[in-house]
Amino acid sequence: MSHNSEEIAVHLFRVAQGYYIYDMNNNALMKITESLYKDVSAFIKNQSTVKNQSIDKLIDEGYLRPSKLEKIEHPLTASIKNMIDNCLHMLTLQVTQNCNLRCKYCVYSGSYINRRHTNKRMSFETAKKAIDYYIAHSSQSSKYRFGFYGGEPTLEIELIKQCVEYIKNNVFGKPIEFNITTNATLLNKDVLDFLVKHRFYLTISLDGSKEIQDKNRIYAANGEGTFDNVMEKIEWIKEDYPNFLNNVRFNMVIDPEDGYKKSNDFFMYDERVKDIFVTAGEKNDNNLQKIIKVHPDYYRNKSYEEFKAIAAYFRGHKEKVSPLVSAYLISLKKNVADELKGDGSDFKISHPGGPCVPGLQRLFVNADGKFYPCERVNESSSVMCIGDVEHGIDIEKAKVLLNVGQISESHCKKCWAFRFCNSCAAYAEDGDVLSAQKRLTRCESIRNSVERSFMSYCVLKDLKMDFEELEENDR
């Protein structure tokens with residue numbers, strides 16, 4: 001029996017304490033002996049010259065076979081219309097494209113292709129139409145969720161107030177949740193009184209210490225840093241609105257050029273911020289016009305904090321865990337442990353992981369009233385626009401984005417990381433088309449990332465980590 005390594009949908013890897021094989025067809029991750037590891041490695045490389053009982057046994061049990069995928073199609077394709085008609089989760093309104101800052105890594109900064117700050121603002125009429133559409137299409141959602149986004153949304157606080165009043169006068173029977181993401185520099189008593197009154201969830205963009213914040217997050221008018229202003233507003237919230245702190249969180253953009261440690265230490269130890277929840281993500285490299293530089297110590301420092309999170313788990317305490325990696329173990333559970341529970345018995349029609357139903361989780365409406373799957377996509381791309389306030393979501397356009405894997409079908413079918421891929425349509429967008437070539441540029445880094453996650457998962461499973469326990473603690 002002859003097989004080409006590209007045809008057999010398996011992946012071999014090793015960690016310090018053992019050898020492993022992942023079989024994509026069966027969605028099975030197994031620990032194997034060193035001898036079998038070598039035999040399988042030779043087999044998939046077409047180097048096996050003698051009959052091997054262990055290899056034959058695996059083949060007889062359905063392993064080490066070419067991909068049995070016959071068609072790339074997302075399993076939610078048939079139900080997408082019903083989901084969009086009834087289950088929209090959240091509406092995010094881009095109330096303005098203007099901003100009083102010029103953060104160097106912002107997607108509107110000029111460092112990214114085809115995205116710029118403008119003076120456009122959303123009219124109240126456009127906002128009302130978007131709100132009406134969302135309300136009419138979220139009957140089966142547990143609550144109404146509204147987000148206000150920019151640019152800097154507090155530049156349009158009066159419009160936001162109008163929207164909130166309109167929403168409260170037009171929705172009934174379910175809880176309402178309001179969210180706003182802000183740079184915090186324009187917060188004042190009037191704005192905060194309003195946010196507190198309506199129980200907003202307030203996300204403040206803050207990247208770390210003064211040195212790091214002032215490097216990237218600067219004022220448009222004079223290029224000066226924003227750290228002192230933002231920290232003053234945070235101290236003000238803590239002093240005058242202490243009960244509101246549970247609704248406040250930080251969003252930080254990690255700059256790999258800074259080495260990780262300074263930002264990490266700031267959020268761990270600075271008394272002004274250490275008790276406030278932080279979500280952290282790296283610079284967005286999609287459509288970036290230059291290569292992101294990485295400090296030599298960046299990955300070492302990050303890995304050290306992840307190691308400390310693991311140690312804290314086994315010691316039964318969390319007080320020394322960095323907030324920047326607090327979700328590390330949960331992400332392993334979600335992205336590996338949970339995915340490995342998936343049934344591999346019927347795998348002839350499927351789609352690589354990555355795409356969500358466009359607009360379902362975070363329907364994003366820009367200042368012109370155009371609909372996009374979320375706020376992370378390129379608003380200047382016609383292929384990413386899935387409708388508008390006048391006509392609603394175009395189901396056929398949404399289906400195309402949902403099934404983005406079809407443009408690279410021949411490659412995706414035989415990729416061992418098929419089920420764990422995280423590449424959505426945003427990473428295939430190339431102007432006004434979806435490009436297979438652009439989509440495939442991320443494949444190697446995705447496979448490397450999946451392998452690293454597998455390795456971490458296997459080590460922790462060997463150490464008897466209970467991933468189900470993590471699920472219970474996360475609720």
Side-chain angles (χ1 to χ4, degrees), residues 74 76-77 79-97 107-108 115 120-151 153 156 159-160 162-164 166-168 170-171 174-181 200-201 203 251 284 286 354-404 424-427 429 434:
H74 199 286
L76 297 178
T77 302
S79 56
I80 186 172
K81 185 178 187 306
N82 179 64
M83 297 176 76
I84 287 175
D85 283 347
N86 300 288
C87 305
L88 295 187
H89 181 77
M90 180 175 179
L91 177 72
T92 302
L93 300 176
Q94 184 191 58
V95 292
T96 180
Q97 292 184 354
V107 293
Y108 300 103
R115 300 182 82 175
K120 286 184 179 179
R121 62 180 298 274
M122 181 176 282
S123 70
F124 182 47
E125 287 304 311
T126 296
K128 284 197 298 184
K129 289 177 181 178
I131 293 165
D132 289 343
Y133 179 84
Y134 166 74
I135 293 171
H137 291 76
S138 57
S139 61
Q140 295 180 19
S141 296
S142 61
K143 64 170 69 172
Y144 296 109
R145 295 176 175 87
F146 299 90
F148 298 95
Y149 197 78
E156 295 293 338
L159 173 59
I160 294 173
Q162 284 183 286
C163 290
V164 168
Y166 182 77
I167 290 165
K168 291 206 164 184
N170 285 274
V171 299
K174 287 189 288 191
I176 305 172
E177 180 182 294
F178 295 113
N179 299 269
I180 188 168
T181 300
F200 267 71
Y201 286 92
T203 299
N251 180 61
N284 178 14
N286 188 35
C356 59
V357 176
L360 186 70
Q361 294 300 316
R362 300 171 70 89
L363 177 61
F364 179 67
V365 186
N366 79 349
D368 293 325
K370 293 181 178 179
F371 288 176
Y372 297 88
C374 67
E375 68 275 12
R376 296 172 182 166
V377 304
N378 181 4
E379 298 147 51
S380 67
S381 169
S382 61
V383 75
M384 299 309 298
C385 178
I386 57 172
D388 56 48
V389 294
E390 302 295 341
H391 304 96
I393 292 178
D394 184 326
I395 300 298
E396 295 307 311
K397 291 195 73 174
K399 283 182 180 178
V400 170
L401 299 186
L402 182 65
N403 286 282
V404 64
C424 70
Y427 295 99
E429 171 264 312
L434 295 177

Taking [Y]'s backbone N and O only, do any of them form a donor-acceptor pair with [X]'s side chain (distance below 3.5 Å, no angle check)?
| X | Y | value |
| --- | --- | --- |
| Lys397 | Ser382 | yes |
| Tyr372 | Glu379 | yes |
| Asn403 | His74 | yes |
| Asp368 | Lys370 | no |
| Tyr134 | Thr92 | no |
| Ser79 | Asn82 | no |
| Lys174 | Ser141 | yes |

I need the [X] [atom1] to [Y] [atom2] distance, nearest 0.5 Å.
| X | Y | atom1 | atom2 | result |
| --- | --- | --- | --- | --- |
| Gln140 | Asp85 | CD | CG | 9.5 Å |
| Leu93 | Ile180 | CG | CD1 | 11.0 Å |
| Arg121 | Thr126 | CZ | OG1 | 10.0 Å |
| Leu363 | His89 | CG | NE2 | 12.0 Å |
| Met83 | Leu88 | CE | CG | 10.0 Å |
| Tyr133 | Ile84 | OH | CD1 | 6.5 Å |

Heavy-atom side-chain contact between Cys163 and Phe146 under 4.5 Å: no
Can you find a pair of side-chain heavy atoms, one from Gln97 and one from Asn366, that are under 4.5 Å apart? yes
Restricting to salt bridge (charged side-chain N to carboxylate O under 4.0 Å, His left out), what partner residues turn up for Asp394, sequence neighbours left out? none
Salt-bridge criterion met for Glu375 and Arg362 (N-O under 4.0 Å): yes
Give a yes or no on this: more than 12 heavy atoms of other residues, nucleotides or ligands lie within 6.0 Å of atom NZ of Lys81. no
Taking only residues two or more places apart in sequence, or in another chain, which ones meet Asp132 in a side-chain contact (heavy atoms from CB on, under 4.5 Å)? Tyr166
Donor-acceptor side-chain pairing of Thr181 and Asn251 below 3.5 angstrom: no
